[in-house]
Amino acid sequence: MPMDAPLRHALRHDPCRHHGPVSRALAFGDGLSLVAEAGCLHFYYPQSLRTLSNALVGEGLGWVRDFCNFYVDRDYAGQTPTEDLRRWLAARGLVEDSGGGRAEERGEGRAEERGEGRAEKRDEALAMMTAVPLAHLALVPVDVDDVDGRPRVLAAVTAGVGNAVDITAPASGDPRLVAGTINVLVFVDGHLTDGALVNAALSATEAKVQALAADGVRDPEHGTPATGTSTDCLAIAATQRGAPTPYAGSGTRLGRAIGAAVYRAVRESLAAGEGAA
């Protein structure tokens, strides 16, 4: 799903000087849309998606409609990145500002988790940050079964490997625990159990590692094959339509579709920036 010229232009230049952010409907589910501007990629879905993520805002298991990937300068040295992300979300009206407090802090926007009786986050925005130019975004849709011709998996990736790391190398004395990020967002049009969400995260991660291997990316400190960067971020978001799916690993068509989408998207994003973080 290559980006059209106006969308790429909006990501390369300040849209406020032109005609404002560029919005596009994406061929996924019941209406996924992307609003692109120079400082942010904002994906929006009209219903809450079941989400698993390690994002600074929206981490863990929850329900999310708004997914944002914010651009920061590669020299960004913020000491409070979570607070920065919340402030940027508040500026877009996606969360309450610090004066009003977050919905979950006021006891609103909560839902009892089915079967476990625990309250969990609902309708929280999710936010990542990256030093990769947002024009390097890669969008890759993949069909799972070709039944209705609609992609059931969509990977959205911004990838840079200026901070490539081999996770198996010793951390002692490693000076590179700094920004440099592969942000992966996987949308799945299906009903995933919590276990299947974890399966999907494994599938996406395995595919990312394969993409880095295919491009010959290495850990510059140790000279070994890189497995990612030290600040990689991943989110899996499912529509929860259809019958529950308990698996999404390499032994399933869905897992293979996730792997194919992420593999292609990581490589396409790296190619767009020639591997620059």
Side-chain angles (χ1 to χ4, degrees), residues 51-61 67 69-70 72 74 76-78 81-82 85 126-132 136-138 140 153 155-186 188 194-237 247-252 255-277:
T51 304
L52 173 67
S53 180
N54 69 319
L56 287 174
V57 177
E59 54 84 23
L61 285 165
F67 304 79
N69 191 8
F70 288 98
V72 295
R74 63 184 306 158
Y76 169 81
T82 301
L85 286 169
L126 182 147
M128 311 173 177
M129 64 171 62
T130 181
V132 175
H136 299 171
L137 170 69
V140 175
V153 172
V157 173
T158 53
V161 291
N163 183 32
V165 171
D166 174 3
I167 190 65
T168 66
S172 178
D174 192 331
R176 298 158 307 123
L177 303 181
V178 294
T181 294
I182 300 172
N183 284 351
V184 177
L185 177 54
V186 179
V188 178
D194 289 354
L197 284 169
V198 176
N199 261 168
L202 289 169
S203 297
T205 302
E206 291 171 13
K208 177 194 70 176
V209 174
Q210 283 289 76
L212 297 180
D215 280 359
V217 179
R218 302 186 79 79
D219 179 327
E221 185 75 10
H222 301 279
T224 51
T227 55
T229 79
S230 63
T231 53
D232 286 355
C233 193
L234 170 66
I236 309 292
Y247 307 111
S250 58
T252 67
R256 293 297 181 96
I258 291 169
V262 171
Y263 177 84
R264 284 175 47 198
V266 170
R267 297 199 69 188
E268 287 181 14
S269 183
L270 289 175
E274 298 180 347

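- Gly259 and Ala207 get closest at one heavy-atom pair: O-CB, 3.2 Å.
- Listed by chain and residue number, nothing satisfies the ring pair (Phe, Tyr, Trp, His ring centres under 6.0 Å) test with Tyr263 (two or more places apart in sequence, or in another chain).
- With sequence neighbours left out, the side-chain hydrogen bond (donor to acceptor under 3.5 Å, both in side chains) criterion links Ser250 to no other residue.
- For the side-chain contact (heavy atoms from CB on, under 4.5 Å) test, residues two or more places apart in sequence or in another chain that qualify with Ala55 are Ser53, Leu126, Met128, Cys233.
- Every residue two or more places apart in sequence or in another chain that forms a side-chain contact (heavy atoms from CB on, under 4.5 Å) with Leu52 is listed here: Leu61, Leu197, Val198, Ala201.
- Contact between Ile258 and Ala204 at its shortest, heavy atoms only, is CG2-N, 4.0 Å.
- Note that CD1 of Ile182 and CG of Leu270 are 6.0 Å apart. Values are rounded to the nearest 0.5 Å.
- Looking at every heavy atom in both residues, Thr229 comes nearest to Gly160 through CG2-O, 3.5 Å.
- For the atom pair Asp219 CG and Asn163 CG, the distance stands at 9.0 Å (nearest 0.5 Å).
- The two residues His136 and Ser269 have their closest heavy-atom pair at O-OG, 2.7 Å.
- In this structure, CZ in Arg267 is found 10.0 Å from CG in Leu212, a value given to the nearest 0.5 Å.
- Judged as a side-chain contact (heavy atoms from CB on, under 4.5 Å), and not counting sequence neighbours, the contacts of Thr130 are Asn69, Val132, Leu134, Thr158, Thr181, Asn183.
- Contact detail for Ala164 and Pro220: the closest heavy-atom pair is O-CD, 3.5 Å.
- Val186 has its side chain within reach of Val153: a pair of non-hydrogen atoms, C-beta onward, lies under 4.5 Å apart.
- Annotation: side-chain hydrogen bond (donor to acceptor under 3.5 Å, both in side chains) contacts of Asn54 (sequence neighbours excluded): none.
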> Val157 and Lys208: side-chain contact (heavy atoms from CB on, under 4.5 Å), yes or no, with the steps?
Replying inline: CA-CA 10 Å; Val157 173; Lys208 177 194 70 176; over 6 Å; no
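- In this structure, the side chains of Val57 and Thr82 come closer than 4.5 Å at one or more pairs of heavy atoms.
- Listed for the Thr227 side chain is no donor-acceptor partner under 3.5 Å among the backbone atoms of Thr168.
- Considering every non-hydrogen atom in both Met129 and Val72, the closest pair reads SD-CG1, 4.1 Å.
- Between His222 and Asp166, the closest side-chain pair of non-hydrogen atoms is not below 4.5 Å.
- Between Leu234 and Thr205 there is a side-chain heavy-atom pair separated by less than 4.5 Å.
- Here the OG1-OH distance, from Thr252 to Tyr247, works out to 10.5 Å after rounding to the nearest 0.5 Å.
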